[in-house]
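Report on the structure given below.
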Number of protein chains: 2
Amino acid sequence: MDRVQLQNDVFSYFNRLGDEIDWRALTTPIEVHLIAKTQYLFRQGECVDRWYFLHSGLVRYVSVSDEGKEFTQTLVKGPKIIGSTRSMVTTSPVLFGIQALEDSVITSYNWAEFYQQMRHDKVFLECYLLFLETIFIAKEERESTFVKDSAERRYLDFCVAYPELKDQIPQQYIASYIGITPVALSRIRQKLKLGHRP
Amino acid sequence: MDRVQLQNDVFSYFNRLGDEIDWRALTTPIEVHLIAKTQYLFRQGECVDRWYFLHSGLVRYVSVSDEGKEFTQTLVKGPKIIGSTRSMVTTSPVLFGIQALEDSVITSYNWAEFYQQMRHDKVFLECYLLFLETIFIAKEERESTFVKDSAERRYLDFCVAYPELKDQIPQQYIASYIGITPVALSRIRQKLKLGHRP
DNA sequence: TTGTGGAATTAACCTAGGTTAATTCCATCG
DNA sequence: CGATGGAATTAACCTAGGTTAATTCCACAA
């Protein structure tokens, strides 16, 4: 795995968001993580001070309630920025773990150093701002579906939004992503199947 | 209402987030909105290209589903930044309206001009970034309560998080904020009351 | 003082989704 | 090939919260 190549992947992903960023200030070493399917990048409760980039593969953000129930907050397919803004910024334990659903190539920087070195670059700040806006907007839209829509509606929306994941990941993760149990999802699928017969 | 004073309120709120921002580039005129209790600053579906600041008062973000059901996304007490990042950034219709629950003093700038004039200021960008991180983190935490916690738990949490609002705003808005009907909230309160009798 | 209208409560009933557990399906391994 | 174990399905039952509607409570206006 070529470290320099990976670093360039990160740069070009960022640059795609806007003008060219001047990366010369960045000297913090990049670290490479190869995470096999079902393995965790980090787990809920850890203090994560690194900034991650998923080059290839697929991960889910999973949080577990006190009663031991799993909830999939997000599904992310590379190449994308991943990790917990919250934990980095507030230096508090992450509210979710990140688990690979496919073998994944991930790199990371120490967030404090990364940010310290790049915060002087206006273009970088603008890009990062754009990124934050994007993930915020996604959360905002997702929030409303939980309150307004039925589980069936959420499942149908999921199938439209992630047609390729629909058959690629275990159904239980889809259920957990739309906030219901696998049993309930199975019931919904059954109902939909019947509905399609004329 | 002194326009210059209000503008200074906005500046000092922002400056409090970090280093001193150089506001000299900002020439876009500020606009003042006096919104009476129950009135709307803007309604769901409008295209909002302005950046708002709530100086004093209390507002709720309310979105209405296709079936006409109201849901209160957020409650904000001034002084705070309010409005829809999503609508400004994507120039799409807002997903919620903003309604005053108390008489409120609000000012605004044209977002495109505001951002155009301030994006060259690194300190401003950093502060805005901090703001985005903050609201994102809040959304992230709120998301998990909807999936993991019962309505009763959410109500109790609300009472702890907003002790002053608990008796200040109509109960139906609290219900709508925690994602249930007023009837269900009343039932929960009843149950809690009984529980407190020894 | 008495209306009047919106907010909250209460009760009766209904439904989506949770829970538990048995059953069936596969994919993988020996 | 058959055995094994996790994933999905199905069925039976339960519960939190929704729905509707009647009732009570108040704040405020006349």
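Numbered from 1 within each chain, the chains take letters A, B, ... in sequence-line order.
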- Note on the structure: So CD of A:E141 and CG of B:L95: to nearest 0.5 Å the spacing works out to 6.0 Å
- In residues 58-70 of chain A, which residues come under 4.0 Å of DNA chain C by heavy atom? A:K69
- Reckon B:P182 touches a base, only the sugar-phosphate, or nothing at all at heavy-atom distances under 4.0 Å? nothing
- Message: For A:T107, run the side chain to side chain donor-acceptor pair (under 3.5 Å) check against A:R3, A:R50, A:H55 and tell me which one passes.
- Response: A:H55
- Task: Using heavy atoms to find the nearest nucleotide of DNA chain C for A:I188 and B:R187 separately, return the residue whose nucleotide is more 5′.
- Result: B:R187
- Item | Cation-pi geometry met for B:R86 and B:F96 (6.0 Å, 45°) | no
- Message: What range of DNA chain C does chain B touch, first nucleotide to last, counting atoms under 4.0 Å from its heavy atoms?
- Response: C:dA7 to C:dA12
- Would a 4.5 Å heavy-atom cut-off, applied to side chains only, mark A:I98 and A:Y40 as touching? no
- Message: Reading DNA chain C from 5' onward, which residue's closest nucleotide shows up sooner: B:Q172 or B:V183?
- Response: B:Q172
- Message: A side-chain contact here means heavy atoms from C-beta on lying under 4.5 Å apart; do B:F53 and B:I81 qualify?
- Response: yes
- Donor on one side chain, acceptor on other, B:Q73 and A:S144, under 3.5 Å: no
- Query: For A:L58 and A:S104, which heavy atoms make the closest approach, and how far apart are they?
  - Reply: N-OG, 3.2 Å
- Message: What I'd like to find out is whether the side chain of A:D9 reaches to under 4.5 Å of the side chain of A:P79, using heavy atoms alone.
- Response: no
